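Okay, structure first, notes after.
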Amino acid sequence: MHKDIATPVRTKEILDKYGFSFKKSLGQNFLIDTNILNRIVDHAQLTDGSGAIEIGPGIGALTEQLAKRAEKVVAFEIDQRLLPILEETLSPYPNVKIIHSDVLKADVHAVMEQEFAQFKDVMVVANLPYYVTTPILMKLLEERLPIRGIVCMLQKEVGDRISAKPGTKEYGSLSIAVQYYTKAETVMIVPKTVFMPQPNVDSAVIRLTLHDEPPVKVKDEAFFFHVTRSSFAQRRKTILNNLTSQLPDGKLKKESIQAALQQAGVEESRRGETLTIEEFAQLSNALYPYFH
């Protein structure tokens with residue numbers, strides 16, 4: 001019987017054997033607590049017919065726990081030095097495939113068609129590298145992958161921003177973008193002590209469950225996201241000032257924005273962080289004709 005990868009002793013053995021050194025630039029922090037890994041996998045609610053996609057498997061600690069519960073696991077790993085390690089640590093699991101690729105550049109749709117064509121249920125489950133968490137999440141959501149959702153570990157502060165409510169200082173365009181595509185919830189807080197090496201911050205595990213339909217109807221998605229980002233450009237400015245400085249020159253810009261705000265029932269003196277996703281949808285729909 002082989003020993004689980006995610007223990008301090010076994011992790012150190014593997015790293016020493018391969019003379020592996022952590023690359024700060026890749027945000028490598030490996031989990032060394034099997035209980036935490038199991039709880040992460042629990043939140044993904046996999047069945048033995050599920051597929052799992054992992055990003056940044058490291059030395060395979062989470063991959064191993066996924067392989068025990070899902071029918072198939074496909075993991076994207078950018079660091080070539082980890083490939084021989086993964087080949088060894090995951091050798092007991094024939095249902096795992098490692099793809100040596102940067103997930104941000106990968107054609108994930110094509111990979112899914114190839115690897116999960118017959119699967120009814122696929123989840124992304126990952127301990128995301130902290131320096132690229134947001135671009136990875138946004139890519140997975142914007143590409144409308146045929147997945148049920150995402151369970152991922154990330155910096156607690158980013159988790160707070162994703163599940164934030166209007167009127168809080170964490171609430172911003174990231175909160176709105178993620179909540180447009182998914183129902184977002186923070187399911188666990190993870191102390192820094194369960195990683196090797198220890199990061200400087202605590203982590204959170206969030207679960208994102210994809211909506212069948214977005215919660216709001218917008219005329220143009222790209223424009224809607226542009227309006228939300230513009231509204232938060234400078235947090236202390238009013239929504240009118242932010243939009244005036246950020247939106248392209250439409251017909252008589254400031255008057256158009258004032259008219260659209262009035263039409264959407266949004267006071268021009270409000271700040272972006274006070275608007276709900278419904279208000280942003282009404283506002284972007286009202287602004288759209290003036291800027292297209």
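Starting from 1, each residue takes its place in the sequence as its number. We use all heavy atoms of the structure for the numbers below, so side chains are in, but hydrogens, waters and symmetry mates are not. Since the structure is predicted, the reported quantities are computational estimates derived from the model, not experimental observations.
When side chains are defined from C-beta on, Leu174 counts as touching Ile162, because their heavy atoms get closer than 4.5 Å. Proximity of Pro215 to Ile277: side-chain heavy atoms (C-beta onward) are separated by under 4.5 Å at one or more points. Contact check for Leu261 versus Glu267: no side-chain heavy atoms found under the 4.5 Å cut-off. The shortest side-chain heavy-atom distance between Val122 and Ser50 does not fall under the 4.5 Å cut-off. Counting heavy atoms from C-beta outward, Ile32 and Thr7 have side chains that stay 4.5 Å or more apart. Here the side chains of Ser284 and His226 are not in contact, with every heavy-atom distance at 4.5 Å or above. The closest side-chain heavy-atom distance from Ser163 to Thr186 is below 4.5 Å. Residues Gln198 and Met196 have side chains not in contact (no heavy-atom distance under 4.5 Å, counting atoms from C-beta outward).
Under a 3.5 Å cut-off, the side chain of Arg39 and the backbone N or O of Met188 do not form any donor-acceptor pair. Put simply, the side chain of Lys156 never gets that close to the backbone of Asp202: no donor and acceptor are under 3.5 Å apart. Although no hydrogens or angles enter the test, the distance criterion places no donor-acceptor pair under 3.5 Å between the side chain of His100 and the main chain of Leu83. Using a distance-only test at 3.5 Å, with no hydrogens or angles considered, no donor-acceptor pair links the side chain of Arg229 to the main chain of Gly172. Here the side chain of Glu268 pairs no donor or acceptor atom with the backbone of Ile239 at under 3.5 angstrom. Under the 3.5 Å distance criterion, the side-chain polar atoms of Asn285 are matched with a main-chain donor or acceptor of Lys219. For Thr11 (side chain) and Ile5 (main-chain N/O), a donor-acceptor pair under 3.5 Å exists by modelled atom type. Using modelled atom types, one side-chain atom of Asn95 and one backbone atom of Ala67 make a donor-acceptor pair closer than 3.5 Å. Judged by distance alone, the side chain of Glu77 and the main-chain N or O of Ile98 form no donor-acceptor pair under 3.5 Å.
For the pair Met138 and Ala177, the tightest heavy-atom approach, listed with the atom from each and the gap, is CE-CB, 3.6 Å. Listed here is the closest heavy atom pair of Asn242 and Gln234: ND2-O, 2.9 Å. Taking all atoms of both residues into account, the shortest heavy-atom contact from Val178 to Ala184 is CG1-CB, 4.4 Å. In terms of heavy-atom proximity, Met153 sits nearest to Val190 at SD-CG2, 3.7 Å. Across all their heavy atoms, Ala259 and Tyr290 have their closest contact at CB-OH, 3.5 Å. Of all non-hydrogen atoms in Val227 and Ser231, the two that sit nearest each other are O-OG, 2.7 Å.
Between His211 atom NE2 and Gln179 atom CD the span is 8.0 Å, to the nearest 0.5 Å. Of the inter-residue distances, the one linking Leu208 atom CG with Leu140 atom CG reads 9.5 Å to the nearest 0.5 angstrom. Here the CZ-CG distance, from Phe195 to Asn127, works out to 5.5 Å after rounding to the nearest 0.5 Å. Between the CG atom of Leu62 and the OG1 atom of Thr34 there is a distance of 11.5 Å, given to the nearest 0.5 Å. Here CD1 of Ile150 is found 9.5 Å from CD1 of Ile53. Values are rounded to the nearest 0.5 Å. To the nearest 0.5 Å, atom CG of residue Leu243 and atom NZ of residue Lys254 are 11.5 Å apart.
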**Asked** When you look at Val124 and Val151, which way does the side-chain contact (heavy atoms from CB on, under 4.5 Å) test go after all the steps?
**Response** CA-CA 6 Å; Val124 174; Val151 170; over 6 Å; no

**Prompt:** Step by step, would you call Glu279 with Arg270 a salt bridge (Lys or Arg N to Asp or Glu O under 4.0 Å)?
**Reply:** CA-CA 12 Å; Glu279 289 178 306; Arg270 284 174 65 184; 2.9 Å; yes

**Request:** Decide side-chain contact (heavy atoms from CB on, under 4.5 Å) for Lys165 and Tyr171; before the verdict, give the C-alpha distance in whole Å, the side-chain angles of both, and the deciding distance to 0.1 Å.
**Result:** CA-CA 6 Å; Lys165 300 280 179 277; Tyr171 183 70; 5.6 Å; no

**Request:** Give the intermediate values and the outcome of side-chain contact (heavy atoms from CB on, under 4.5 Å) for residues Leu15 and Ile59.
**Result:** CA-CA 9 Å; Leu15 298 176; Ile59 59 170; 4.1 Å; yes

**Request:** Show your working on salt bridge (Lys or Arg N to Asp or Glu O under 4.0 Å) between Lys237 and Glu273 and close with a plain yes or no.
**Result:** CA-CA 10 Å; Lys237 280 190 169 181; Glu273 71 222 44; over 6 Å; no

**Prompt:** Would Thr244 and Lys253 count as a side-chain contact (heavy atoms from CB on, under 4.5 Å) if you check the C-alpha gap in whole Å, the side-chain angles of each, and the deciding distance to 0.1 Å?
**Reply:** CA-CA 7 Å; Thr244 306; Lys253 187 149 121 182; 4.2 Å; yes

**Request:** Please lay out, stage by stage, how Thr228 and Tyr180 fare under the test side chain to side chain donor-acceptor pair (under 3.5 Å).
**Result:** CA-CA 11 Å; Thr228 58; Tyr180 178 80; over 6 Å; no

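Heavy atoms from other residues, nucleotides or ligands lying under 6.0 Å from CD of Gln262 number 12 at most. Heavy atoms from other residues, nucleotides or ligands lying under 6.0 Å from NZ of Lys192 number more than 12. Residue-environment remark: CD (Glu87) stays at or below the threshold of 12 foreign heavy atoms within 6.0 Å. Other residues, nucleotides and ligands place no more than 12 heavy atoms under 6.0 Å from the CZ atom of Arg236.
Aromatic pair Phe225/Tyr181: ring centres closer than 6.0 Å.
Checking Thr182 against Thr209 by side-chain atom types alone, no donor-acceptor pair falls below 3.5 Å.
Considering Thr63, Asp48, Asn38, Asp4 in turn, Asp4 is the only one that fulfils the side-chain hydrogen bond (donor to acceptor under 3.5 Å, both in side chains) rule with Lys68.
Using a 4.0 Å cut-off between charged nitrogen and carboxylate oxygen, Lys72 and Glu115 count as a salt-bridge pair. Salt-bridge annotation for Glu143 and Lys139: present, with a side-chain N of the basic residue lying under 4.0 Å from a carboxylate O of the acidic one. Remark: Glu185 engages Arg207 in a salt bridge, criterion side-chain N to carboxylate O under 4.0 Å.
Taking the six-membered ring where tryptophan is involved, the planes of Phe223 and Tyr288 are perpendicular, since the angle between them exceeds 60° and thus also 30°.
Linking ILVMFWY side-chain heavy atoms closer than 4.5 Å, directly or via other members, places Ile189 and Leu37 in two distinct hydrophobic clusters.
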